[in-house]
Amino acid sequence: MHENPTPPAPKLFTWEFASDPYPAYAWLREHAPVHRTELPSGVEAWLVTRYADARQALADQRLSKNPLHHSEHAHGKGKVGIPGERSANLMTHLLNIDPPDHTRLRRLVSKAFTPRRVAEFAPRVQELTDRLIDGFCEKGGADLIHEFAFPLPIYAICDMLGVPPEDQDDFRDWAGMMIRHGGGPRGGVARSVKKMRTYLAELIHRKREDLGDDLISGLIRASDHGEHLTENEAAAMAFILLFAGFETTVNLIGNGTYALLRHPEQRERLQRALAEGDASLLATGVEELLRYDGPVELATWRFATQNLVIGGQRIAEGDPVLVVLAAADRDPERFADPDALDLSRRDNQHLGYGHGIHYCLGAPLARLEGQTALATLLRRLPDLRLAAAPEDLRWRGGLIMRGLRTLPVEFTARPPAQAPARP
């Protein structure tokens with residue numbers, strides 16, 4: 001009598017995988033929880049898929065965020081991190097540095113990017129949300145990615161940074177280039193990054209002469225024991241707040257809406273709670289949507305600064321390590337019935353915002369935008385439904401982020417909530 005052989009390893013990073021990676025991640029968790037693989041870029045990296053190992057790795061200071069620790073400098077040059085950030089002199093941001101520089105910069109940035117600032121921004125997020133829905137609610141249909149989930153965080157973060165309204169469409173164009181080409185050729189992204197860098201340098205220079213009540217002005221003011229952000233550091237921080245803050249929220253809104261449309265009983269629970277004035281299910285629901293099909297599939301790059309062991313697997317100094325948040329957040333060793341969507345899940349210490357010193361600085365803003373967008377959609381378009389078969393939807397190819405290319409929906413046409421502004 002023969003034991004059942006181990007099934008063959010699944011193929012990773014194909015278009016089929018992108019549409020539903022969770023069965024492949026379940027296989028890796030069970031059979032190869034710390035797995036070395038060749039990525040589409042040709043770079044080899046370790047994938048960490050179990051929750052306990054992932055949480056440990058995210059907080060392990062032997063894993064550096066600095067790409068200079070990558071052992072394959074020539075082979076990996078330009079293939080890790082954000083395309084174009086090195087040539088645009090935008091490397092000195094929180095996703096690329098370690099203590100003590102990380103500690104100093106995060107402390108300075110936290111002085112500008114406060115919970116109070118985010119809370120005071122809530123009415124503006126609501127105004128933007130309603131304005132975007134007003135733009136398509138009379139049509140009876142929309143692509144929720146391009147008409148809603150994409151522009152909302154772009155305009156929100158531009159407002160918060162202090163980008164003048166007349167310049168915000170340029171930012172939308174540059175961000176659109178990143179979204180469209182994130183999984184393909186890196187040249188288009190790099191060109192957008194360079195344009196953004198040039199613009200931010202000019203904007204910082206202008207704001208130094210006339211400080212306002214916005215985030216870039218706050219970054220310029222931020223000081224600690226006489227330390228200030230340099231102009232390069234301020235530009236890099238503004239850039240990463242924009243870059244890390246928009247696509248994650250696009251995907252939170254897009255993936256979250258899609259999950260609710262695929263789980264009508266959960267959507268109806270949330271609509272009932274909102275109608276009764278109970279916002280508690282919205283709060284736990286957004287956290288569950290982050291766990292169930294979150295916007296960040298793999299945490300950003302880490303590099304071993306010495307030989308070490310993760311999950312019983314030896315990792316050599318210089319090796320890249322990618323923590324698979326999507327796999328860890330469905331680990332049955334940590335979450336009961338992990339493949340089920342339960343908006344009332346309470347024991348939900350998901351890793352969607354990371355863990356340790358690199359925990360997402362923008363988490364309060366993402367929560368605000370996600371909760372506002374989903375609640376307003378369900379309230380204003382209560383019969384919202386998919387206008388395409390799930391198997392016909394396409395997910396953007398890429399390594400770090402997970403999000404839909406389009407999300408076509410239908411609903412009963414309704415008049416705008418606000419009278420159109422006069423020209």
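Under the 3.5 Å distance criterion, the side-chain polar atoms of His31 are left unmatched by any main-chain donor or acceptor of Trp27. Counting only distance, with no hydrogens or angles, the side chain of Ser217 and the backbone of Gly212 share a donor-acceptor pair below 3.5 Å. Put simply, the side chain of Arg221 never gets that close to the backbone of Lys111: no donor and acceptor are under 3.5 Å apart. When atom types are taken as modelled, the side chain of Arg106 and the backbone of Ile357 share a donor-acceptor pair closer than 3.5 angstrom. A donor-acceptor pair is defined here as one N or O able to donate and one able to accept, closer than 3.5 Å; such a pair exists between the side chain of Thr372 and the backbone of Leu368. Counting only distance, with no hydrogens or angles, the side chain of Asp331 and the backbone of Arg29 share no donor-acceptor pair below 3.5 Å. Proximity of a side-chain donor or acceptor of His146 to a complementary backbone N or O of Arg405 within less than 3.5 Å is detected. Between the Ser64 side chain and the Asn66 main chain, a donor and an acceptor come within less than 3.5 Å of each other. In this structure, Arg396 contributes its side chain and Leu404 its backbone to a donor-acceptor pair below 3.5 Å. A distance-only check finds a donor-acceptor pair linking the side chain of Asp143 to the backbone of Leu407 [under 3.5 Å].
Using a 4.5 Å heavy-atom threshold, the side chains of Pro295 and Leu290 count as touching. With a 4.5 Å cut-off on side-chain heavy atoms, Thr249 and Leu365 do not count as touching. Looking at Gln126 and Thr376, their side chains come closer than 4.5 Å, going by heavy atoms from C-beta outward. Side-chain contact check for Ile253 versus Ile145: every heavy-atom pair is 4.5 Å or farther apart. In this structure, the side chains of Arg267 and Leu384 come closer than 4.5 Å at one or more pairs of heavy atoms. Counting heavy atoms from C-beta outward, Leu161 and Leu203 have side chains that stay 4.5 Å or more apart. Side-chain contact between Leu289 and Leu374 is present, with at least one heavy-atom pair separated by less than 4.5 Å. The closest side-chain heavy-atom distance from Thr129 to Glu369 is not below 4.5 Å.
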Using the rule given for side-chain hydrogen bond (donor to acceptor under 3.5 Å, both in side chains), can you reason through Asp167 versus Tyr199, listing the C-alpha separation, both sets of side-chain angles and the distance that settles it, and then say yes or no?
CA-CA 10 Å; Asp167 295 341; Tyr199 177 84; 2.5 Å; yes
Yes or no on side chain to side chain contact (heavy atoms under 4.5 Å, CB included) for Arg262 and Leu341, after CA distance, side-chain angles and deciding distance?
CA-CA 10 Å; Arg262 298 292 309 278; Leu341 180 69; over 6 Å; no
Please walk me through it: do Asp210 and Arg206 pass side chain to side chain contact (heavy atoms under 4.5 Å, CB included)?
CA-CA 7 Å; Asp210 184 21; Arg206 294 204 306 268; over 6 Å; no
Could you please spell out the steps behind the salt bridge (charged side-chain N to carboxylate O under 4.0 Å, His left out) verdict for Lys195 and Asp173?
CA-CA 11 Å; Lys195 290 176 182 177; Asp173 290 344; over 6 Å; no
Between Asp159 and Leu128, is a side chain to side chain contact (heavy atoms under 4.5 Å, CB included) present by the stated rule, with each step listed?
CA-CA 10 Å; Asp159 277 359; Leu128 286 169; 4.2 Å; yes
Report the C-alpha distance between His355 and Gln349 in whole Å, list the side-chain angles of each, state the deciding distance to 0.1 Å, and finish with yes or no for side chain to side chain contact (heavy atoms under 4.5 Å, CB included).
CA-CA 10 Å; His355 173 65; Gln349 296 295 314; over 6 Å; no
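A salt bridge is absent between Arg302 and Asp60; no separation between the charged side-chain nitrogens and carboxylate oxygens falls under 4.0 Å. Taking 4.0 Å as the cut-off between side-chain N and carboxylate O, Glu287 and Arg345 do not count as a salt-bridged pair. With respect to Glu120 and Arg117, no salt bridge is recorded, no charged nitrogen being found less than 4.0 Å from a carboxylate O. Using a 4.0 Å cut-off between charged side-chain N and carboxylate O, Asp130 and Arg380 make a salt bridge.
Taken to the nearest 0.5 Å, the OG1 atom of Thr103 stands 9.5 Å off from the CG atom of Asp98. Rounded to the nearest 0.5 Å, atoms CD (Glu30) and CZ (Arg50) are 8.5 Å apart. Between the CG atom in Leu200 and the NZ atom in Lys207 there is a gap of 11.0 Å [rounded to 0.5 Å]. The CG atom of Leu252 lies 13.5 Å from the CZ atom of Arg402; values are rounded to the nearest 0.5 Å. Between the CD atom in Gln266 and the CD atom in Glu288 there is a gap of 8.0 Å [rounded to 0.5 Å]. A distance of 5.5 Å separates CE in Met401 from OG1 in Thr248, rounded to the nearest 0.5 Å.
Taking the ring axis of Phe335 as reference, the NZ or CZ atom of Arg330 does not stay both within 45° of it and closer than 6.0 Å to the ring centre. A cation-pi arrangement, defined by a distance under 6.0 Å to the six-membered ring centre and an angle within 45 degrees of its axis, is absent between Arg367 and Tyr353. At least one test fails for Arg394 against the ring of Trp15: distance under 6.0 Å to the centre or angle within 45° of the axis.
The aromatic rings of Tyr22 and Tyr25 sit perpendicular to each other, their planes meeting at more than 60°, with 30° as the lower class boundary. Ring geometry for Phe13 against Phe17 counts as perpendicular: the plane angle is over 60°, on a 0 to 90° scale with 30° as the lower cut.
When all heavy atoms are compared, the tightest approach of Leu361 to Ser110 is CD1-OG, 3.6 Å. Here the closest non-hydrogen pair linking Leu322 and Thr300 is CD2-C, 4.4 Å. The two residues Ala54 and Leu351 come nearest to each other via the heavy atoms CB-CD1, 3.9 Å. The minimum heavy-atom distance between Ala156 and Phe121, with the atom names listed, is O-CZ, 3.2 Å. Contact between Val250 and Pro153 at its shortest, heavy atoms only, is CG2-CG, 3.7 Å. Annotation for Ile315 and Val321: closest pair CG2-CG2, 4.0 Å, computed over non-hydrogen atoms.
Heavy atoms of other residues, nucleotides or ligands lying less than 6.0 angstrom from CZ of Arg314 number 12 at most. Atom CD of Glu166 is surrounded by more than 12 heavy atoms from other residues, nucleotides or ligands within 6.0 Å. Annotation: Asp392, atom CG; neighbour count of heavy atoms from other residues, nucleotides and ligands within 6.0 Å is above 12. Within 6.0 Å of atom CD in Gln61, 12 or fewer heavy atoms from other residues, nucleotides or ligands are found, so the atom counts as exposed in its surroundings.
For Asp329, there are no salt bridge (charged side-chain N to carboxylate O under 4.0 Å, His left out) partners, not counting sequence neighbours.
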